[in-house]
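Shown next, in structure tokens, is the structure this report addresses.
Small disclaimer: the values here were computed from a predicted structure and weren't measured. Read the numbers this way: they start at 1 and go in the same order the structure lists the ligands and their atoms. The figures that follow rest on heavy atoms only: side chains count, while hydrogens, waters and symmetry mates do not. In this chain, numbering begins with 1 at the start of the sequence shown.
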Amino acid sequence: MEFDSQEGPQRSPFVPAARHRWGCFDVLRFCSLGLLSLVSGCQGPQSALDPAGKGASDLANLFWVMAVGGAVIWLIVVGLGVYSLFRPESGNRKKAAVYIIGGGVIFPTLILAVLLSYGLSMLPQLVAPPPEGSLRISVTGYQWWWRIHYYEGSQMIELANEIHLPVDEPVEFILTAGDVIHSFWIPSLGGKVDMIPGRQNRLTLYPTRTGTFRGSCAEFCGTSHALMSFDVVVEERAAFERWLAHQAAVAAPPTRELEAGHDLFLANGCGACHALRGTSATGSVAPDLTHVGSRLSLAAGTLRNEPSDFRQWLSEPSQLKPDALMPHFSMLPASDLQKLASYMESLR
Ligand code: CUA
């Protein structure tokens, strides 16, 4: 389409005065550049548009159908709008009525009905329960961390802030919350489901490729809502089984160099809130730390899992995660914080 910029008595005030005439090619080039710059941000470990699971693939397809459909309709509407600006007044009311009823009532009703049917047709497989005997994981959201339970026969293994899954197998999540409403979302694997205190919601995911992904809380839940994430590792069945067996084991006894850190952990009352399986620390109101050193991140995806970050977290948690219940230990000498950090880091 080309804008007609000829002078004349009927020249519209909307005609651009600039010399450059925009042709179809310019418009196309402009749109593709814009689209490219948008799409380049669609990859990564936390992208619903870079699916690594069946549910996420369906949702990404739905998104693209909606986005492309919406763009085409928008272009038609804008095209008609621009056309109406430049065409001479015809005064034909019958023709106008056809445009209004056809374009304003029939066309949107048809399009919305088609899109709704397409979206609804996906629903049964998105909410279908997994086959009997599938892996089950329960996750409880707290301000601002995740309690995770795996079930191995009659054994329950408690972990925190990191989930591993075997690839190409369905897994059922049983979701609830311990304080306020949170929302469980791993964008690369599927849709999100609310975590509501006193209620169990279920979500089935089916990872289709290995990799490390990121999950997040998707419901505003207080000051540090944005600091409530977790890592998700999708791996082959054998690697998953090795990981789970290791996580089920108790903490290794400290070596001679790490004994001081272990003693500081118990002497400072950390065990009142945190559990360290295999020691006298059996607290249950905060994350289980038995294998905290093996995790990919600290403080629910907030920090790197490194001694310096451990030290910082122990010293000033409220600076890093406002309103977190973790008390600060900045009164301890730097050498003690270092020993504690080294011991925590060793809990692989
Ligand atoms: Cu939990 Cu937002």
Side-chain angles (χ1 to χ4, degrees), residues 41-42 44-53 55-56 59 63 126-127 136-150 157-165 171-205 207 212-234 273-275 283-289 292 295-305 309 312-314 316-328:
C42 297
Q46 191 179 334
S47 173
L49 299 181
D50 186 13
L59 294 173
F63 168 82
L126 283 174
V127 298
R136 256 185 327 134
I137 302 173
S138 75
V139 184
T140 309
Y142 293 91
Q143 287 174 316
W144 290 276
W145 63 281
W146 314 82
R147 188 193 298 278
I148 292 154
H149 287 141
Y150 279 81
I157 305 154
E158 177 163 334
L159 309 170
N161 299 338
E162 186 169 309
I163 291 171
H164 285 228
L165 301 172
V171 51
E172 185 179 39
F173 287 95
I174 300 150
L175 306 166
T176 187
D179 39 35
V180 300
I181 298 177
H182 302 270
S183 179
F184 180 88
W185 192 24
I186 310 170
S188 308
L189 301 189
K192 64 182 95 154
V193 168
D194 272 6
M195 310 171 94
I196 300 167
R199 188 190 154 90
Q200 284 191 343
N201 283 339
R202 282 159 196 269
L203 170 70
T204 301
L205 295 179
T212 302
F213 307 100
R214 191 177 161 92
S216 268
C217 179
E219 179 85 41
F220 181 72
C221 55
T223 331
S224 288
H225 153 72
L227 300 172
M228 184 173 174
S229 299
F230 56 98
D231 296 295
V232 183
V233 179
V234 178
C273 297
H274 295 282
S284 62
V285 298
D288 180 292
L289 297 179
V292 66
R295 289 181 203 150
L296 293 170
S297 62
L298 285 187
T302 308
L303 300 168
R304 296 164 308 161
N305 193 344
D309 288 42
Q312 216 189 343
W313 175 249
L314 290 165
E316 283 297 346
S318 57
Q319 297 282 324
L320 299 163
K321 194 178 261 196
D323 290 341
L325 291 177
M326 166 87 181
H328 73 88

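- H182 contributes ND1 as its N, O or S atom closest to atom 1 (Cu) of ligand 1.
- Taking backbone and side chain together, C221 holds an N, O or S atom under 2.8 Å from atom 1 (Cu) of ligand 1.
- With a cut-off of 2.8 Å, atom 1 (Cu) of ligand 1 has no N, O or S atom of S183 in range.
- Of all non-hydrogen atoms in L165 and P207, the two that sit nearest each other are CD1-CG, 4.0 Å.
- Although no hydrogens or angles enter the test, the distance criterion places a donor-acceptor pair under 3.5 Å between the side chain of H274 and the main chain of P287.
- Counting only distance, with no hydrogens or angles, the side chain of E162 and the backbone of L296 share a donor-acceptor pair below 3.5 Å.
- Put simply, the side chain of R202 reaches to within 4.5 Å of the side chain of I174, judged on heavy atoms.
- The only option from F230, W185, F173 that meets the ring-ring contact (aromatic ring centres under 6.0 Å, His included) definition with W146 turns out to be F230.
- Looking at H225, its N, O or S atom nearest to atom 2 (Cu) of ligand 1 turns out to be ND1.
- The angle subtended at atom 2 (Cu) of ligand 1 by SG of C217 and O of E219 is 90°, given to the nearest 10°.
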